[in-house]
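Data first, discussion second: the structure below is written as structure tokens.
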Amino acid sequence: MFIASHPFLPLDVLRVPHQLVQLGMGAGMMGFASLFATGDPTRSLYWPRPDDERFAQHPATRHTLAGIPLFARVIDADVLARSLPDGWHPDPLGGGTVAVWRHDDGSILLPFDPGEAIQLLWSEGYLAALGEGGGQSLAAWIYYRVRPVLPRRLQIAMRRAYARVQARREFPRWPVEPALHDLVRLAYQLLVEVSGVPVPWIGPWPAPHEWALVLSHDVETARGQAQIGVMRGIERELGYRSSWHFPALRYPVDESVVAGLREEGCEVGVHGVYHDGRDLESLPMIAERLPAMRAAAERWGADGFRSPATQRNPAWMPRLGFAYDSSIPDSDPYEPQPGGCCSWWPYLNGTMVELPITMPQDHTLMMILQRDSESAWREKARAIRERGGMALLLTHPDYLGSQAAAEPYRRTLAALVEDRTAWRPLPREAAAWWQRRAASTIEPDGEGWRVAGPAGDEATIRLDVP
């Protein structure tokens, strides 16, 4: 349906049909990548090529486009005004620091690369544009080294005090940050405008589902392991399955518990090694601890990984050798490593699928913020459902190990159990689906379209705005 001179990540995210072809540029358009619809090549969509000197020398900084927070390298408007041929004019799209440019023939030019903007959100590269470093803060680094000798009450008091500082963060907004999905939505609308016809894309979930609900647990301590039955009993009663992540060496994991969970159709994953916040602090540390992680994965039949304290480095995660990772929130200022990928959909990090933690965590709500977890969960699930996302809820039997403590969890799941629009996969099933979707394409089929590839029998072709 589209022909593009360079990769355009929104096409891949949505699985819009396209071909990459070497294209010649018209006069005055050198330095730009281009895309046009095969049915009407008179209109094109342009964006900067990475090697364009007007673009390459700029650092990624914070902007707004049509009210959407945007982190990207952007060609200055005055530079475009001097270098573009006649017929181009800026369109602010209702306001912001960045405008799109329109030509009299209907073509559109973006002064930034949407793919770069998406990648900077997925990878948390926007932190540099905000003047913040990635990884844990110095305060968090110190905290995790002295935590083992601190009384529990003092630990909680310190976290609550630090949370008041963390709450001042302006981006990503908590508990809902729609920037990435709004950007993909805008890109799709521009594709429709350039093509002049509806644009097909592959829905995010297998038919007939409209959103996904994924239940996941971290079993941090031996006490949590002993209390698994309370939460698992709630799920069993309501017909849910879930994943349970155990640390490899922090305490003796009861292999009969692991076997019992798997026999019930649940999933078991790896939750680091000692739960000390150090598994991913450096490449030498990864090399030292990876054998223990892989041994646990082999022993438990684990496909997935979650880092303790959501410590993460997107560039290093694929080195762990798991099919999926679920260590990065969509938006969470209250974690020891604050930030988030801003995505309610899974996405690929190399060959690994990232499953973002998209629901507020129980420990954060109950222990740190002292908020009603049930209302927070239901409000976030409603927002994700409306946008067709994945509500991945991470809870802990360490904190919800009694019937009274787990009651908000019960009520939340009970309120969603009759929703037939929801797909309720295990994390490994959601990751495997995302791989099948990524390996599938949309092809012409007479006067319509069909999905070709491993997701062909499951996928839905959509023509609406994402």
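Rounding to the nearest 0.5 Å places CE of Met359 at 8.0 Å from CH2 of Trp377. With values rounded to the nearest 0.5 angstrom, Phe71 atom CZ is found 8.5 Å from Leu127 atom CG. The distance from the CG atom of Leu400 to the CZ atom of Arg410 is 12.5 Å, given to the nearest 0.5 Å. Separating the CH2 atom in Trp433 from the NE2 atom in His209 is a distance of 10.0 Å, to the nearest 0.5 Å. To the nearest 0.5 Å, atoms CG (Leu180) and SG (Cys341) are separated by 7.5 Å. Between Thr364 atom OG1 and Arg371 atom CZ the span is 11.0 Å, to the nearest 0.5 Å.
Taking the charged nitrogens against the carboxylate oxygens, Arg289 and Asp276 do have a contact shorter than 4.0 Å, which makes a salt bridge. The residues Asp279 and Arg306 are annotated as not salt-bridged, no charged nitrogen and carboxylate oxygen being separated by less than 4.0 angstrom. Under 4.0 Å is where a charged nitrogen must lie from a carboxylate oxygen, and between Lys380 and Asp330 at least one such pair does. Using a 4.0 Å cut-off between charged nitrogen and carboxylate oxygen, Glu288 and Arg278 do not count as a salt-bridge pair. Between Glu124 and Arg312, at least one side-chain nitrogen of the basic residue sits less than 4.0 Å from a carboxylate oxygen of the acidic one, meeting the salt-bridge criterion.
Listed here is the closest heavy atom pair of Ala99 and Pro90: CB-CB, 4.1 Å.
Between Trp88 and His103, the ring planes lie perpendicular to each other; the angle is over 60°, past the 30° to 60° tilted range.
Aromatic ring centres of Phe8 and Trp47: separated by under 6.0 Å. Proximity of the aromatic rings of Tyr324 and Phe305 is defined here by a centroid distance below 6.0 angstrom, and this criterion is not met. The six-membered or imidazole ring of Trp101 lies away from that of Tyr46, with a centre-to-centre distance of 6.0 Å or more. Ring centroid separation for the pair His271 and Phe246 does not come in under the 6.0 Å cut-off.
Qualifying side chain to side chain donor-acceptor pair (under 3.5 Å) partners for Thr64, counting only residues two or more places apart in sequence or in other chains: none. Residues that satisfy the side chain to side chain donor-acceptor pair (under 3.5 Å) test with Arg62, not counting sequence neighbours, are absent from this structure. Under the rule for a side chain to side chain donor-acceptor pair (under 3.5 Å), the partners of Glu116 that lie at least two apart in sequence or sit in another chain are Arg73.
Annotation for Tyr240: atom OH counts as buried by contact number, over 12 foreign heavy atoms lying within 6.0 Å.
Under a 3.5 Å cut-off, the side chain of Asp362 and the backbone N or O of His396 do form a donor-acceptor pair.
A 4.5 Å side-chain heavy-atom check between Asp76 and Leu80 finds every atom pair outside the cut-off.
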- [ ] Take Leu11 and Leu35 through the side chain to side chain contact (heavy atoms under 4.5 Å, CB included) test and state the conclusion after the steps.
- [x] CA-CA 11 Å; Leu11 295 175; Leu35 172 151; 3.4 Å; yes

Open item on the list: As a quick check of understanding, evaluate side chain to side chain contact (heavy atoms under 4.5 Å, CB included) for Asp12 and His18, giving each step before the final call.
Closed with: CA-CA 9 Å; Asp12 293 320; His18 67 284; 3.4 Å; yes

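Each of Arg385, Arg424, Arg382 was evaluated against Asp419; a single residue qualifies, Arg385, per the salt bridge (Lys or Arg N to Asp or Glu O under 4.0 Å) test.
For Arg437 and Trp345, the positive end sits near the middle of the six-membered ring, less than 6.0 Å away and at most 45° from its axis.
A side-chain donor-acceptor contact under 3.5 Å links Glu220 and Tyr399.
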